[in-house]
Amino acid sequence: MKKLVFDYEMKLSFSSPVTDHRFQLRCIPTTGPRQQVVDVEVRLEPEVELDTTVDSFDSVVMTGFIPEPHTMFNYSVTGIAFVDNEHIKPEIHKPLYRFNSALTIPGPTINALIETCKARIDALPADGTPVDQAREVMDEVFKAFVYTPASTTIRTTAEEALAQHKGVCQDYAHVMLSVCRHVGLTARYIAGLLDGEGATHAWVEIYHENRWIGFDPTHNRMVDDNYITIAHGRDYRDCMLDIGIFSGCNVEQSQWVNASVHEQEL
């Protein structure tokens with residue numbers, strides 16, 4: 001078990017004033033099967049009253065409305081997570097994690113990778129577990145990419161990213177999800193925090209023996225106690241940390257994000 005102190009901050013600047021700004025945030029790590037989260041504090045600027053609920057994926061969702069003109073929107077989330085991958089609690093999975101999602105539908109490039117992964121899985125010993133199989137997939141996905149910031153967007157599909165063989169953690173995760181679901185593994189997308197990334201991170205969890213086990217294809221390693229889960233879902237679209245709409249005239253927006261995670265002694 002590790003005690004991790006986290007601090008996540010997002011600043012959004014508008015080139016001219018906007019009004020009628022409605023937003024939705026999924027930015028709070030919550031207590032779950034592999035972590036206990038305490039001392040969470042959320043700060044927003046401009047200050048606004050929030051409505052808080054939990055969505056169908058067990059993510060904390062905060063919504064708000066800013067009618068007045070403003071040129072910036074900032075929020076920060078701080079807290080402490082006690083993470084323990086050695087004692088992950090059992091969890092019932094949803095069948096939808098076995099099927100394609102909007103951003104993970106395979107095309108020719110992913111289909112070729114699926115066949116490569118099937119061959120590696122077939123070569124495993126007869127007692128190979130879903131964890132062993134997922135390791136084979138993770139390794140192939142890792143080798144198929146060159147990590148390249150700004151080479152994709154939040155709308156890039158797994159097929160589009162793999163076809164250009166470059167992307168970021170979101171793309172690695174989407175491709176691994178697509179392959180896993182087509183070799184018989186139940187898999188879901190995770191949005192979270194990792195020490196040293198400076199921003200949010202994305203990885204994959206595979207369902208095995210009533211527990212979700214984490215795999216990080218961006219780094220080709222198993223998820224350990226250094227990872228804090230924020231949200232999970234079928235793909236990125238279920239885990240967007242912040243989304244909003246507003247009124248304005250020829251408004252351009254720029255975003256700044258910073259995330260830090262550091263360990264404290266227990």
Side-chain angles (χ1 to χ4, degrees), residues 1-6 8 26-40 54-60 77 79-98 101 121 124 127-139 141-142 169-170 172-174 176-177 179-181 183-197 200-236 238-239 241 259 261-266:
M1 177 188 289
K2 285 189 176 181
K3 178 183 180 182
L4 304 178
V5 178
F6 61 87
Y8 175 66
R26 286 178 178 81
C27 57
I28 300 179
T30 57
T31 294
R34 58 179 293 274
Q35 66 187 28
Q36 181 179 2
V37 181
V38 298
D39 297 341
V40 173
V54 176
D55 68 11
S56 59
F57 297 98
D58 299 323
S59 298
V60 174
V77 183
I80 298 171
F82 295 89
V83 185
D84 188 359
N85 273 277
E86 291 298 318
H87 302 92
I88 300 174
K89 296 176 182 178
E91 185 178 0
I92 297 174
H93 83 282
K94 299 178 180 180
L96 57 82
Y97 293 126
R98 297 202 299 263
S101 56
I121 289 171
L124 289 171
D127 60 350
T129 68
V131 171
D132 298 324
Q133 296 170 17
R135 280 199 181 102
E136 301 296 307
V137 175
M138 178 172 66
D139 184 60
V141 172
F142 174 76
C169 58
Q170 171 183 308
Y172 284 71
H174 281 156
M176 184 171 175
L177 286 173
V179 175
C180 284
R181 290 167 180 166
V183 298
L185 298 171
T186 301
R188 67 184 185 182
Y189 182 99
I190 305 295
L193 303 171
L194 172 62
D195 186 21
E197 293 294 300
T200 56
H201 191 49
W203 60 93
V204 172
E205 286 184 342
I206 303 298
Y207 196 68
H208 175 54
E209 294 185 340
N210 300 318
R211 290 171 173 82
W212 288 101
I213 310 300
F215 298 78
D216 183 353
T218 304
H219 298 103
N220 200 20
R221 69 190 187 200
M222 301 290 293
V223 167
D224 57 22
D225 290 351
N226 294 299
Y227 293 71
I228 299 175
T229 298
I230 295 178
H232 65 261
R234 294 163 294 183
D235 58 32
Y236 167 80
D238 292 330
C239 305
L241 269 63
V261 178
H262 65 271
E263 182 180 2
Q264 275 190 356
E265 292 296 325
L266 290 169

*Does the pair I206 and Q133 meet the rule for a side chain to side chain contact (heavy atoms under 4.5 Å, CB included), with working shown?*
CA-CA 10 Å; I206 303 298; Q133 296 170 17; over 6 Å; no

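- Using a 4.5 Å cut-off on side-chain heavy atoms (C-beta onward), I88 and I213 make contact.
- The distance from the CD1 atom of I80 to the NZ atom of K3 is 4.5 Å, given to the nearest 0.5 Å.
- Put simply, the side chain of R181 gets close to the backbone of A187: a donor and an acceptor are under 3.5 Å apart.
- Judged purely by atom type and a 3.5 angstrom limit, E263 has no side-chain atom pairing as donor or acceptor with the backbone of K2.
- Rounding to the nearest 0.5 angstrom, the gap separating the CE atom in M138 from the CG atom in N220 is 5.0 Å.
- For the atom pair CE of M176 and CZ of F142, the computed distance is 13.0 Å after rounding to the nearest 0.5 Å.
- When atom types are taken as modelled, the side chain of D225 and the backbone of N85 share a donor-acceptor pair closer than 3.5 angstrom.
- Partner of W203 under the ring-ring contact (aromatic ring centres under 6.0 Å, His included) criterion, out of W212, Y227, Y236: Y227 alone.
- A salt bridge does not link D238 with R188: every distance from a Lys NZ or Arg NE/NH1/NH2 to an Asp or Glu carboxylate oxygen is 4.0 Å or more.
- Taken from CG in D58 to CD in E91, the straight-line distance is 7.0 Å, to the nearest 0.5 Å.
- Using modelled atom types, no side-chain atom of D139 and backbone atom of E136 make a donor-acceptor pair closer than 3.5 Å.
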*Just do the side chain to side chain contact (heavy atoms under 4.5 Å, CB included) check on Q170 and D235 with the steps written out, would you?*
CA-CA 9 Å; Q170 171 183 308; D235 58 32; over 6 Å; no

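- For the atom pair CG (L185) and CG (L177), the distance works out to 11.0 Å, reported to the nearest 0.5 Å.
- Note: I121 CD1 to C180 SG = 7.5 Å, rounded to the nearest 0.5 Å.
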*asked:* Let's go through V261 and L194 carefully: what are the C-alpha distance in whole Å and the side-chain angles of both, what is the deciding distance for side chain to side chain contact (heavy atoms under 4.5 Å, CB included) to 0.1 Å, and is it a yes or a no?
replied: CA-CA 7 Å; V261 178; L194 172 62; over 6 Å; no

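- Taking every heavy atom of both residues into account, R34 and D224 meet most closely at NH2-O, 3.1 Å.
- For the pair T31 (side chain) and V37 (backbone), a donor-acceptor distance under 3.5 Å is present.
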